[in-house]
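As structure tokens, the structure follows; a few thoughts come after it.
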Number of protein chains: 2
Amino acid sequence: MARPQEFEVNDVLDHAMEVFWHKGFDDTSIQDLVDATGLNRGSLYNAFGDKAHLFADVMDRYRAHSLARLLATAPDDASPRQLILDFLQGLVDRARCDTDHKGCLITNTAAGLYGCNEHMSTWIRQTLISLEDVLSNVIERGQQRGEITRQSSPRALARYLVSAAQGINVMARAKPCQDTLRDIVTNTMRALEPQSS
Amino acid sequence: MARPQEFEVNDVLDHAMEVFWHKGFDDTSIQDLVDATGLNRGSLYNAFGDKAHLFADVMDRYRAHSLARLLATAPDDASPRQLILDFLQGLVDRARCDTDHKGCLITNTAAGLYGCNEHMSTWIRQTLISLEDVLSNVIERGQQRGEITRQSSPRALARYLVSAAQGINVMARAKPCQDTLRDIVTNTMRALEPQSS
DNA sequence: GGCTATCTTGAACGACTATTCCAAAACCAC
DNA sequence: GTGGTTTTGGAATAGTCGTTCAAGATAGCC
């Protein structure tokens with residue numbers, strides 16, 4: 001019926017993600033995206049609307065591949081405490097491999113959410129809440145198994161962990177030292193320990 | 001000998017800080033700064049060099065007034081554990097009053113440190129390290145008084161708290177809900193508790 | 001083969017960017 | 001008042017920004 005697209009959408013998103021992740025939304029120009037994706041300006045606009053929409057698509061793809069999947073897809077009989085440790089350690093490992101210290105795209109965007117970008121604000125908030133939900137479930141199982149303290153509710157502990165993850169991501173960017181990140185994870189986990197050890 | 005400046009440097013910095021804080025470095029234009037400070041473009045460049053230098057001056061002033069002063073200026077006989085709680089609670093209080101959710105200028109900049117701004121990167125890193133140093137001293141006193149766990153070194157615990165503070169600041173921006181922030185502080189403090197309670 | 005619908009292309013758009021420059025104004029020391 | 005020095009005001013610069021648009025290219029359907 002018509003001329004078909006000559007590119008794979010996900011490939012374009014991956015290349016665009018690399019640029020956005022590396023330079024941030026504001027510092028990324030359309031020209032950067034044209035260079036990185038190989039697409040023409042017109043094709044970009046035709047396929048993704050404008051820069052903000054393209055960024056939104058990139059964020060969706062980033063979230064779909066994020067470490068939170070680790071928690072959601074774990075088998076029910078996995079140790080909740082170990083699962084959380086793996087999650088935090090995963091953040092640290094990612095930081096170790098991230099030689100140019102890009103950090104986490106979601107955290108960076110959350111901290112850089114300037115102006116009145118209402119859509120992205122709610123996207124971020126909902127993303128954090130859904131991570132909170134997943135963590136809350138894991139924590140509840142952990143409390144039932146006696147692996148995690150009952151001094152706080154699963155919800156409160158989940159919020160604590162979401163915040164801790166944001167902290168780790170900021171540190172990974174600002175002071176990307178493995179010793180530091182290890183110390184952070186170790187002490188973050190201590191807050192989860194049951195009273196009687 | 002010559003014509004004197006017609007403005008107070010600190011007043012200009014305060015106004016510039018408000019804009020940078022609200023919109024971020026990239027989204028703040030010289031025109032915004034001209035409007036906010038009341039200074040003419042020429043005067044701005046004459047007094048502060050360029051945009052990056054002005055921002056650096058703003059950051060210096062921000063740091064000088066930051067909550068870390070609370071820790072450094074506390075009397076030696078103050079309860080270290082209470083001091084740390086006050087520090088974290090101070091972040092939450094600031095978030096409560098911050099109706100437009102600007103968060104922490106340092107954290108925002110740390111997470112948004114894109115490109116190769118070497119000077120600002122090291123400024124951020126040194127700022128975080130100096131906060132780490134102050135916290136480490138407080139923690140050491142707390143350990144001596146039995147208020148804080150000895151399971152980790154003061155340095156490791158300090159790093160944990162620096163990271164926790166970054167997390168709180170990100171959350172204050174992304175999900176500025178008082179209940180959430182309270183839960184985070186409560187559980188952050190638990191990691192400091194001595195084993196025998 | 002023509003028709004239609006889509007994608008691609010590259011130039012062009014106006015608006016905004018940070019920065020520079022220079023004449024005019026304002027002050028101080030003499 | 002005068003000379004010397006700095007600030008000031010505002011125009012001007014050169015560049016980049018995100019976006020649009022019209023023409024050309026390519027495919028399937030009748």
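Just so we're on the same page: letters track the sequence lines, and every chain starts at 1.
Between A:F25 and A:F20, the ring planes lie parallel to each other; the angle is under 30°, not in the 30° to 60° tilted range.
Looking at the side chain of B:D50, the nearest of the listed nucleotides D:dG18, C:dC7, C:dT19 is C:dT19. Considering only the side chain of A:K51, D:dT19 comes nearest among D:dT19, C:dT19, C:dT9.
What separates CG of B:D26 from P of D:dC17 is a distance of 12 Å, to the nearest Å. Atom CG of B:L39 is separated from atom P of D:dG10 by 13 Å (rounded to the nearest Å). Rounded to whole Å, the distance from CG on A:N40 to P on C:dA12 is 14 Å. Residue A:D27 contributes atom CG, which lies 10 Å from atom P of D:dG18 at whole-angstrom precision. Across the protein-nucleic acid pair, A:L44 atom CG and D:dC21 atom P stand 17 Å apart, rounded to whole Å. A straight line from CD of A:Q31 to C1' of D:dT19 spans 13 Å, rounded to a whole angstrom. Between A:Y45 atom OH and C:dC7 atom P the separation is 17 Å, expressed in whole Å. Taking atom CD1 of B:I30 as the reference point, atom C1' of D:dG10 lies 15 Å away to the nearest angstrom.
In terms of position on DNA chain D, the residue among A:D32 and A:G49 whose nearest nucleotide sits closer to the 5' end is A:D32. Of the two residues contacting DNA chain D, namely A:T28 and B:F7, the nearest-nucleotide position lying further toward the 5' end is that of B:F7.
With respect to A:E147 and A:R141, no salt bridge is recorded, no charged nitrogen being found less than 4.0 Å from a carboxylate O. Taking the charged nitrogens against the carboxylate oxygens, A:R61 and A:D14 do have a contact shorter than 4.0 Å, which makes a salt bridge.
A:S43 comes within contact range of at least one nucleobase, with a heavy-atom separation under 4.0 Å.
Between the side chains of A:D32 and A:S29, at least one donor N or O sits under 3.5 Å from an acceptor N or O.
Contact annotation: side chain of B:R41 to base of C:dT20, donor-acceptor pair absent below 3.5 Å.
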| request: I would like to know whether A:R81 and A:E193 meet salt bridge (charged side-chain N to carboxylate O under 4.0 Å, His left out); could you show each step before the answer? | output: CA-CA 9 Å; A:R81 200 168 180 290; A:E193 283 182 9; 3.8 Å; yes
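In this structure, B:N46 reaches the D:dT7 phosphate: one of its side-chain N or O atoms is under 4.0 Å from OP1 or OP2.
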